[in-house]
Amino acid sequence: MLNFNFYAPARILFGKGEESRVGELLKPRAKKVLLHYGGGSVKKSGLYERIAASLTSSGVAFVELGGVMPNPRLSLVHEGIDLCRREQVDFILAVGGGSVIDSSKAIAMGVYYDGDVWNLYESGAAIERALPVATVLTIPAAGSESSGDTVVTNEAKQLKYGYGSPLLRPVFSVLNPELFFTLPKAQLGYGVADMMSHVFERYFTNTTHTDLTDGLCEATLKTLMKNAPAALKDMRDYDAWSELGFAGTVAHNGLVGMGREQDWACHGMEHELSAIYDIAHGAGLAVLTPGWMRYVYRDNIEMFVQFAVNVMGVDGSFRDPDALVEEGISRLAAFFARLGLPGSLRDLDIDETRLEEMAKKATGAAFGEERPIGGLKKLRWQDVLAIYRMVL
Ligand code: NZQ
Ligand code: ZN
């Protein structure tokens, strides 16, 4: 196990009706709030009305900015920064999914940054201040409700970059599984693929003596795989959504990755896809993950045998580990297919044209400073290109 430093202060308010407490919780913390939301689902579901009523009845003043799109755009972040400065906003409330939360975090740090906030995504320079952010989560997926990360698309440059700081961890996040009932079925699949990937990025490692976190990762993955089909069958299954929602937060609040080298190659490769083709993040991960597994597993076959047996329930001979691993990967791909997820880049209308460009961008080779990605196996741009081609 490696040295680690774990601190995940986001307060999670779990359960029915918790969103009605936002006014009471914000009253002592905020003079004026920016209420930030997406393309309209919160208005359709009535959630917007309930949040606005909670703020008003507690006497919390607010201004609002809607219109966040999946793969949140830098241009709206700029608009939000201007609005917060003009209105002297001192707290941001994100009501939505990962895109709304990430846009909120970008605005939160941009307000205090003297220059284009995009510079921070490019340089990774540490910030010293950010407005506090709280969230009301409407889709279990990105884990942004408990992470200190934000991922934003610079639509002019066709780049999608992440940035992380402890200052960006939400102060609190409401996680009411009933708010997930209105999700389209496709979003359930995207969310589950993303949550599983957040575990995979930490689980597949060369670090040894990680029994506790191995077990936490495996339990999180099995919880997701058990409850996703139940929620898909009945989109109002509170118990199934509860398990998915809690698992999504555990998958990405940092705990299951402590003390182990992490990977993150699939996320790096996926962000290139969603930057250029504007696809759902989870859809890209569902396509890439089985291909990545097949490309890298021989570098640490024991880890992939463990996955096949402990997570995918494969019962086979340890004398043929390749067959065991392949069975585990095939079962994962079949599970993704059952959730209605795409199985190839062509399913996402992506062809060969820009694969090399994306492989070079993902590894930095396009910018003259190649930094191989991944932990379990270091991938250069030629490796990334090979994986893109495997899943074409
Ligand atoms: O915009 P609205 O109308 O609200 O519709 C959204 C959107 O179209 C809809 N939706 C959300 N909740 C709903 C709902 N529709 C009906 N009922 C509800 N309850 O779902 C669509 C997708 O929303 P989005 O916020 O984009 O989804 P998600 O939470 O999957 O977030 C994806 C983004 O998070 C980033 C991804 O790259 C992507 O940009 N990530 C952020 C991370 C982080 N900050 O820590 C880590 C992740 O790895 C990920 O990269
Ligand atoms: Zn993700």
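We're numbering straight along the sequence, starting at 1. Atoms within each ligand, like the ligands themselves, are counted from 1 in listed order.
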Nearest option to [atom], as decided by whichever heavy atom of [options] sits closest:
atom	options	result
atom 50 (O) of ligand 1	E178, H252, H271	H271
atom 1 (O) of ligand 1	A94, G67, G39	G39
atom 26 (O) of ligand 1	S99, S45, G164	S99

Atom name of the N, O or S atom in H267 that lies nearest to the Zn ion (ligand 2):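 It is NE2 of H267.
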Proximal heteroatom of D194 relative to the Zn ion (ligand 2) (N/O/S):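 Of all N, O or S atoms in D194, the Zn ion (ligand 2) lies closest to OD1.
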What protein heavy atom is closest to [atom], reported as residue, atom name and distance in Å?
atom	value
atom 13 (C) of ligand 1	L183 CD2, 3.3 Å
atom 28 (P) of ligand 1	G98 N, 3.6 Å
atom 47 (C) of ligand 1	H198 NE2, 3.3 Å
atom 7 (C) of ligand 1	P70 CG, 3.8 Å
atom 17 (N) of ligand 1	T182 OG1, 2.8 Å
atom 3 (O) of ligand 1	S41 N, 2.9 Å
atom 20 (O) of ligand 1	Q187 CD, 3.5 Å

Any atoms of ligand 1 less than 4.0 Å from a non-hydrogen atom of [X]? List them with their elements.
X	value
L179	19 (N)
H267	48 (O)
S147	43 (C), 44 (N), 45 (O)
P184	15 (N), 16 (C)
T138	11 (C), 12 (N), 13 (C), 18 (C), 19 (N)
A141	29 (O), 30 (O)
P72	39 (O)
G40	3 (O)

F6 atom CZ: more than 12 heavy-atom contacts under 6.0 Å: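 Buried by this count: over 12 neighbours within 6.0 Å.
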Contact check: I139 vs ligand 1, nitrogen or oxygen atoms, below 3.5 angstrom: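 The answer is no, given that I139 and ligand 1 share no N or O pair closer than 3.5 Å.
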Geometric cation-pi criterion R129 and Y112, 6.0 Å radius, 45° cone: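 Yes; both conditions hold, so R129 lies above the ring face of Y112.
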Cation-aromatic face contact K361/F367, 6.0 Å, 45 degrees: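 Judged by the rule (NZ or CZ under 6.0 Å from the ring centre, within 45° of its axis), K361 is not positioned above F367.
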Intermediate values then yes/no, side chain to side chain contact (heavy atoms under 4.5 Å, CB included), I387 and M269: CA-CA 9 Å; I387 293 171; M269 292 188 285; 4.1 Å; yes
Under a plain distance cut-off of 3.5 Å, with no hydrogens placed, do [Y] and [X] share a side-chain donor-acceptor pair?
X	Y	result
D102	S144	yes
Y121	T150	yes
R202	H252	yes
K160	S274	yes
T210	D214	yes

Presence of salt bridge, E18 and R21, under 4.0 angstrom: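 Looking at R21 and E18, the cut-off is met.
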K226/E243 ion pair, N-O < 4.0 Å: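 Here K226 does not pair with E243 in a salt bridge, since their nearest N and O are not under 4.0 Å apart.
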Whether H267 and H281 hold their rings parallel, tilted or perpendicular, with breakpoints at 30° and 60°: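 Perpendicular: the ring planes of H267 and H281 meet at over 60°.
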H198 and W264 aromatic ring geometry - parallel, tilted or perpendicular at 30°/60° bounds: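 Correct class here is tilted.
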Under 4.0 Å from ligand 1, counting heavy atoms only, is it the side chain of [X], its backbone, both or neither?
X	value
V42	neither
A142	both
K44	neither
D102	side chain

Test item, K160 contacting ligand 1 (heavy atom, 4.0 angstrom):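 It does, in that a heavy atom of K160 comes within the 4.0 Å cut-off of ligand 1.
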Heavy atom of E270, distance to ligand 1 below 4.0 Å: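 No heavy atom of E270 comes that close to ligand 1.
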Residues S75, E155; criterion side-chain hydrogen bond (donor to acceptor under 3.5 Å, both in side chains); working and verdict: CA-CA 8 Å; S75 51; E155 62 272 42; 2.5 Å; yes
Heavy-atom pair with the smallest gap, counting every atom of G343 and V287: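 In terms of heavy atoms, the two residues are closest at C-CG2, 4.1 Å.
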Closest non-hydrogen atom pair between L376 and M303, with its separation: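 Minimum heavy-atom separation between L376 and M303: CD1-CG, 4.5 Å.
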Protein non-hydrogen atom found under 4.0 Å from atom 35 (C) of ligand 1: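 Protein heavy atom within 4.0 Å of atom 35 (C) of ligand 1: present.
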